[in-house]
Amino acid sequence: MKHSAAEYNVLSYLLKKHVMSYEKAIEWAYSQYTDEGVDPFIESISLAMDVSEILELISSEFQVYGEPSQDFIAGEAASKYSKEQLSLYDAIARILFDLDLELPEEELQELYIAEDYFGWHDQAEKEAVKHVLPIFSKYRPVYEHAVAKFGV
């Protein structure tokens, strides 16, 4: 099965961020083999000696460098929140302050409103989630669909 440059960009990102190990990448590459054979590029991944070689193969072949779309990056924070790997505040702060994403103005306003509840409101999380849930619900599937292709 052939994969797109965008998909290999996600693979590159996962490897760079250590979300996916070298061993998992090789396992994924071998899982792509079928009775009809395998895409020659995937075969080259399966023969790579380490993560840096896989990253080099991807960047040389597809001119992508592990910098996925903003929707993907926002979805990652949303997914980590839904899996309780990030607190609500940390997910909001990551999107607003750490990632410097250019999301639609309305979404940024809702995120800033949600972030503002923390530090003064007795039920900050309960109030903030009302503002961010629609945004997280929009972006989380983008991330989860993209990484599912690689068994992450």
In chain order, what residues pass the salt bridge (charged side-chain N to carboxylate O under 4.0 Å, His left out) check against K24, with sequence neighbours excluded?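 With sequence neighbours excluded, K24 shows a salt bridge (charged side-chain N to carboxylate O under 4.0 Å, His left out) to E27, given in chain and number order.
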Please enumerate all residues that pass salt bridge (charged side-chain N to carboxylate O under 4.0 Å, His left out) together with E107, with sequence neighbours excluded.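 Expected list: K138.
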Report the relative orientation of the aromatic rings in Y143 and F72; use parallel for angles under 30°, tilted for 30 to 60°, perpendicular for over 60°.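 Rings of Y143 and F72: tilted, as their planes differ by 30° to 60°.
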Only pairs at least two apart or in different chains count here, so list each ring pair (Phe, Tyr, Trp, His ring centres under 6.0 Å) that has a residue in residues 38-64.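 Output for this query lists Y8-F41, Y8-F62, F41-F62.
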Where do [X] and [Y] come nearest, in terms of heavy atoms and distance?
X   : Y   : result
M20 : L15 : O-CD2, 3.4 Å
A48 : L57 : CB-CD1, 4.3 Å
W28 : S31 : O-OG, 2.6 Å
S46 : A29 : CB-CB, 3.8 Å
N9  : G66 : OD1-N, 2.8 Å

Would [X] and [Y] show up in the same hydrophobic cluster when neighbours are defined by side-chain heavy atoms closer than 4.5 Å?
X   : Y    : value
Y22 : F150 : yes
Y65 : V51  : no
F97 : I73  : yes
I54 : Y30  : yes
L86 : Y112 : no

Step by step, work out the side-chain contact (heavy atoms from CB on, under 4.5 Å) result for V19 and V147. CA-CA 10 Å; V19 174; V147 300; over 6 Å; no
Return each pair, listed once, that meets salt bridge (Lys or Arg N to Asp or Glu O under 4.0 Å) where at least one residue sits in residues 47-56; pairs must be two or more places apart or across chains.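 Listed once each, the pairs would be none.
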Considering only residues two or more places apart or on different chains, which pairs with a residue in residues 142-152 satisfy salt bridge (Lys or Arg N to Asp or Glu O under 4.0 Å)?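 Matches after skipping sequence neighbours: E7-K149, R140-E144.
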At what distance, to the nearest 0.5 angstrom, does [atom1] of [X] lie from [atom2] of [Y]?
X    : Y    : atom1 : atom2 : result
E76  : K17  : CD    : NZ    : 7.5 Å
L111 : L96  : CG    : CG    : 5.0 Å
D39  : Q32  : CG    : CD    : 9.0 Å
S79  : Y81  : OG    : OH    : 12.5 Å
E110 : L103 : CD    : CG    : 12.5 Å
I42  : H3   : CD1   : NE2   : 4.0 Å

Output, in order, the C-alpha distance, side-chain angles, deciding distance and verdict of side-chain contact (heavy atoms from CB on, under 4.5 Å) for I26 and E23. CA-CA 5 Å; I26 298 302; E23 292 78 14; 5.9 Å; no
Are any non-hydrogen side-chain atoms of I95 and I135 less than 4.5 angstrom apart?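 Side-chain contact under 4.5 Å: no.
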Side-chain atoms of residues 115-129: list all donor-acceptor pairs with protein atoms under 3.5 Å, sequence neighbours left out, distances to 0.1 Å.
residue : atom : partner : partner atom : Å
E115    : OE2  : Y89     : OH           : 3.2
W120    : NE1  : D116    : O            : 2.6
H121    : ND1  : Q123    : N            : 2.9
E127    : OE1  : K130    : NZ           : 3.4
E127    : OE2  : K130    : NZ           : 3.3

Donor-acceptor pair, D71 side chain versus Y139 backbone, under 3.5 Å?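 Here the side-chain-to-backbone pair does not exist.
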Is it the case that more than 12 heavy atoms not belonging to Q63 sit under 6.0 Å from its CD atom?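 Counting neighbours around CD of Q63, more than 12 heavy atoms of other residues, nucleotides or ligands fall under 6.0 Å, so yes.
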